[in-house]
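The first residue in the sequence is number 1, and the count goes up from there. Note that the structure is a prediction, hence the values are computed from the model and not measured.
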Amino acid sequence: MDFSELIRQDMKPALGVTEPAAIALACARARALSKEPPKTVTVRVNSGIFKNAFTCGIPNTCKVGNEYAAALGCWFGRPDQELLVLDAITEEDVQFCEGQIEQGNVTVFMGEISPDISIQARVTTEHDVCEAEIRHRHTNVCYLCRNQVVLLDEREKTEDAQGESSVSLEEITLEQMFVFASQASEEELEFIREAYRVNRSLAEAGLASDRCTFTKALFQDNESLRISEDAEKTAVFFAGAAAEARVLGLNHPAMSITGSGNHGIISTLPLYAVAKAEGYSDLTLLRATALSYLVTMYIKQYSGILSALCGCAVAAGTGMACGIAMLRGGDLEAVVHTLYNMTNSIVGMICQGGNHGCVMKVISAVKTGFSAAKLGLSGLQIEACHGIGGETPEETMRNIGRIANPGMVQTEETIVEIMGRKNVVFPGDSL
């Protein structure tokens, strides 16, 4: 199996949180089917999309939420840019869309409770009714229709592949991941450098922005240095800064993994911090990052793309912790210890959508990851008989996924109810 190619397929730049970007993309693709200007846009999303975009910052704006993502994507999104669909938005565009929302021309409502991705967009013009649908992956446009003439319909194909992505890790073991990461050449992993460039730039944008108040505090706690002698504080600063910049909608992309910018941030920047603070080589960093990515991807394959579980902290946090153990010279046994320690710590942290609260989850994940790796490197592990630990590392990672899906489906519904059920419609309702 070509592990480097699997990672390469999954890494994608994304502007802002990927759920608002996906909503914007669906609306932009629907609008592009007509040569006439839009009059209205209606969007039906599943609970994971609805929740994650609910109070999420929209790039290039000070606005948040599902309606602005839909409006900006419909009237001004660039459909050929995928998750960078909103990278050319101006203040005039925002003001125009604010008027469209106030006039009632933009409607977003929630359909089914599920950890998957489902977005149906309908754009009406003077003479046209245009539809686009995204399922299972943030950029997977599987249905296009104009005036009841179907132009693309790959929904059945998509349904057959539900739960699968373009990458598949189900048949591999943690040992195989570790062996690959330990032996991969710098040339094989060279492409990962781009993730560090993109995510570090995002962190710098957070540091430069007056809106990123948590970033300023984390920077001061790190002795007002980007790289201090304290690797953990440096890691918290970099990851926290990038996450805050992202959820507030600053105009800088993140390099996502498994469809999430925060997953990509947590999987990479803490490792970068350790490498720079403690003097590890670039090759050692790249190898540890490969392991971090693979563990994250493995867990997400079972938890679902979106769920009530905070995949950023739980899945990416576990990947990061394993990467730290490897970066600091740990062997496979140390990585296994670290994995079990993480399984018995922050698994169960809920997702409340993509918003400012993500910064606290990132901080918690990084600090827990450092503790889990430190203990794992000392030969200490919470034994498999406790909690949701499995007899093998692979079973343990699958168990983490099962906690999210199907374990937290009811939790998802409760979270959405608490957040506010404006324009919420449950199963059986159609667009």
(request) Calculate, to the nearest 0.5 Å, the distance between atoms CD1 and CE belonging to Ile265 and Met255 respectively. (result) 11.5 Å

(request) Answer yes or no: does atom NZ of Lys367 have more than 12 heavy-atom neighbours from other residues, nucleotides or ligands under 6.0 Å? (result) no

(message) Is it the case that the side chain of Ser345 and the backbone of Met342 share a donor-acceptor pair, with hydrogens and angles ignored and the cut-off at 3.5 Å?
(response) yes

(message) For Glu91, I'd like to know if atom CD has over 12 heavy atoms of other residues, nucleotides or ligands within 6.0 Å.
(response) yes

(request) Keeping the roles fixed (side chain from Lys39, backbone from Asn105), state whether a donor-acceptor pair exists under 3.5 Å. (result) no

(message) If we check side-chain contact (heavy atoms from CB on, under 4.5 Å) with Gln9, which of these qualifies: Met11, Lys12, Glu5?
(response) Glu5

(message) Tell me if a side-chain donor or acceptor on Asp128 pairs with a main-chain N or O of Arg146 at a distance below 3.5 Å.
(response) no

(message) Suppose we screen for side-chain contact (heavy atoms from CB on, under 4.5 Å). Which residues come up paired with Lys63, at least two apart in sequence or across chains?
(response) Thr61, Tyr68, Val94, Glu98

(request) Look at the side chain of Asn140 and the backbone N and O of Ile134, then say whether any donor-acceptor pair between them is shorter than 3.5 Å. (result) no

(request) Could you tell me whether the side chain of Thr234 and the main chain of Ser228 form a donor-acceptor pair under 3.5 Å? (result) yes

(message) Please evaluate residues Thr343 and Thr318 with respect to the criterion side-chain contact (heavy atoms from CB on, under 4.5 Å), reporting the C-alpha separation (whole Å), side-chain torsions for both, the decisive distance (0.1 Å), and the verdict.
(response) CA-CA 8 Å; Thr343 304; Thr318 300; 5.6 Å; no

(request) Rounded to the nearest 0.5 Å, what's the gap from CD1 on Ile119 to SG on Cys142? Could you check? (result) 10.0 Å

(message) For the OG1 atom of Thr289 and the OH atom of Tyr196, what is their distance to the nearest 0.5 Å?
(response) 2.5 Å

Donor-acceptor pairs under 3.5 angstrom involving side-chain atoms of residues 49-58: please list them, not counting sequence neighbours.
| from | atom 1 | to | atom 2 | distance (Å) |
| --- | --- | --- | --- | --- |
| Lys51 | NZ | Ser307 | O | 2.6 |
| Lys51 | NZ | Glu412 | OE1 | 2.8 |
| Asn52 | ND2 | Glu19 | OE1 | 3.1 |

(request) If the plane angle is over 60° it's perpendicular, under 30° parallel, otherwise tilted; pick one for Phe238 and Tyr272. (result) perpendicular

(request) Sequence neighbours left out, what pairs pass salt bridge (Lys or Arg N to Asp or Glu O under 4.0 Å) with at least one residue falling in residues 281-306? (result) Arg193-Asp282, Lys276-Asp282

(message) Strictly below 4.0 Å, N to O, side chains only: are Glu112 and Arg44 in salt-bridge contact?
(response) yes

(message) Angle between ring planes, Phe219 versus Phe237, binned at 30° and 60°: parallel, tilted or perpendicular?
(response) tilted

(message) Side chains of Tyr280 and Leu271, heavy atoms from C-beta outward: is any pair under 4.5 Å?
(response) no

(request) Answer yes or no: are there more than 12 heavy-atom neighbours, outside Glu194 itself, under 6.0 Å from its atom CD? (result) yes

(message) For Cys74, is there any backbone N or O sitting under 3.5 Å from a side-chain donor or acceptor partner on Arg31?
(response) yes

(message) Strictly distance-based, threshold 3.5 Å: is any side-chain N or O of Arg246 a donor or acceptor partner for the main-chain N or O of Ala254?
(response) no

(message) I'd like to know if the side chain of Asp10 and the backbone of Thr258 have a donor-acceptor N/O pair within less than 3.5 Å.
(response) yes

(request) Would you check if there is a donor-acceptor pair between the side chains of Thr90 and Asp93 at a distance under 3.5 Å? (result) yes

(request) Would you mind reporting whether Ser4 and Phe191 have side-chain heavy atoms less than 4.5 Å apart? (result) yes

(message) Nearest 0.5 Å, please: how far is NE2 in His138 from OG in Ser256?
(response) 8.5 Å

(request) Report the distance from atom CZ of Phe96 to atom CD1 of Ile89, rounding to the nearest 0.5 Å. (result) 11.5 Å

(request) Give a yes or no on this: more than 12 heavy atoms of other residues, nucleotides or ligands lie within 6.0 Å of atom CD of Gln103. (result) yes

(message) To the nearest 0.5 Å, what is the distance between CD on Glu244 and CG on Leu202?
(response) 10.5 Å

(request) State whether a side-chain donor-acceptor pair under 3.5 Å links Thr18 with Ser260. (result) no

(message) Check this for me, if you would: do Asp153 and Arg155 make a salt bridge, where the nitrogen-to-carboxylate-oxygen distance has to be below 4.0 angstrom?
(response) yes

(message) Can you confirm whether the side chains of Thr40 and Thr124 place a donor and an acceptor under 3.5 Å from each other?
(response) yes

(message) Between the side chains of Glu395 and Arg398, is the shortest nitrogen-to-carboxylate-oxygen separation below 4.0 Å, so that they form an ion pair?
(response) no

